[in-house]
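What follows is a set of notes on a single structure, which appears directly below.
FYI, the numbering just counts along the sequence from 1.
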Amino acid sequence: GGVLNQSVWIGHVQSVSMEFVSRRVLRARLPVWKHVACTTTVTLLLDKQLLNSTSGALTHTFRTSFLSFLSLKGALVGGSEVIVKGRGLPRAGEYECRFVGTD
């Protein structure tokens, strides 16, 4: 580990193309955010020109998430390796994998 300097991600830009659905609706899929979880400002461009928002500043928060957990079975005595894959996982902090009995 080490201390993560989140200011590194301030100003990072990722864009996606928007699909025209109707005169009132545009649609897109969020990009894969390649950095730590954070809140981003959202702007809309038409032909590379910034469009003004009548709602003020708009934001979207990319949250830390895990996508997969690799280990289907393990001995009661423990020791089997588990691997968790995710996005936006910060280096700083102490992670814990909690197991709760279900049957």
Side-chain angles (χ1 to χ4, degrees):
V3 177
L4 180 66
N5 182 355
Q6 282 194 283
S7 64
V8 169
W9 315 118
I10 294 173
H12 177 77
V13 176
Q14 283 182 229
S15 299
V16 293
S17 297
M18 301 294 299
E19 174 190 353
F20 181 88
V21 176
S22 71
R23 292 183 59 132
R24 293 179 163 239
V25 177
L26 300 173
R27 177 175 48 210
R29 293 199 180 271
L30 287 172
V32 173
W33 190 249
K34 300 174 184 174
H35 306 288
V36 297
C38 67
T39 297
T40 60
T41 57
V42 179
T43 54
L44 182 63
L45 292 91
L46 175 61
D47 296 328
K48 307 280 185 208
Q49 298 296 313
L50 183 65
L51 296 177
N52 292 322
S53 167
T54 59
S55 302
L58 304 174
T59 63
H60 174 76
T61 301
F62 286 95
R63 290 185 258 152
T64 300
S65 62
F66 74 90
L67 305 172
S68 64
F69 177 81
L70 305 175
S71 176
L72 300 178
K73 298 178 187 175
L76 290 172
V77 295
S80 298
E81 182 178 77
V82 297
I83 297 173
V84 175
K85 294 185 178 183
R87 292 206 171 99
L89 303 172
R91 290 180 196 220
E94 183 177 321
Y95 288 98
E96 174 182 324
C97 190
R98 182 172 293 168
F99 298 88
V100 177
T102 58
D103 62 354

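- The distance from the CZ atom of R29 to the CD atom of E19 is 10.0 Å, given to the nearest 0.5 Å.
- Applying the side chain to side chain contact (heavy atoms under 4.5 Å, CB included) test between M18 and each of L46, L45, L26 identifies L26 as the sole match.
- Judged as a salt bridge (Lys or Arg N to Asp or Glu O under 4.0 Å), and not counting sequence neighbours, R24 has no contacts.
- Considering every non-hydrogen atom in both A28 and S17, the closest pair reads CB-O, 3.4 Å.
- Between the side chains of T59 and T41, no donor-acceptor pair is found at a separation under 3.5 Å.
- Within the model, atoms CZ of R27 and OG of S22 stand 9.5 Å from one another, a figure rounded to the nearest 0.5 Å.
- Under the 4.5 Å side-chain heavy-atom criterion for ILVMFWY residues, a single connected hydrophobic cluster contains both L44 and F20.
- How far CZ of F62 is from CG of L30: 5.0 Å, rounded to the nearest 0.5 Å.
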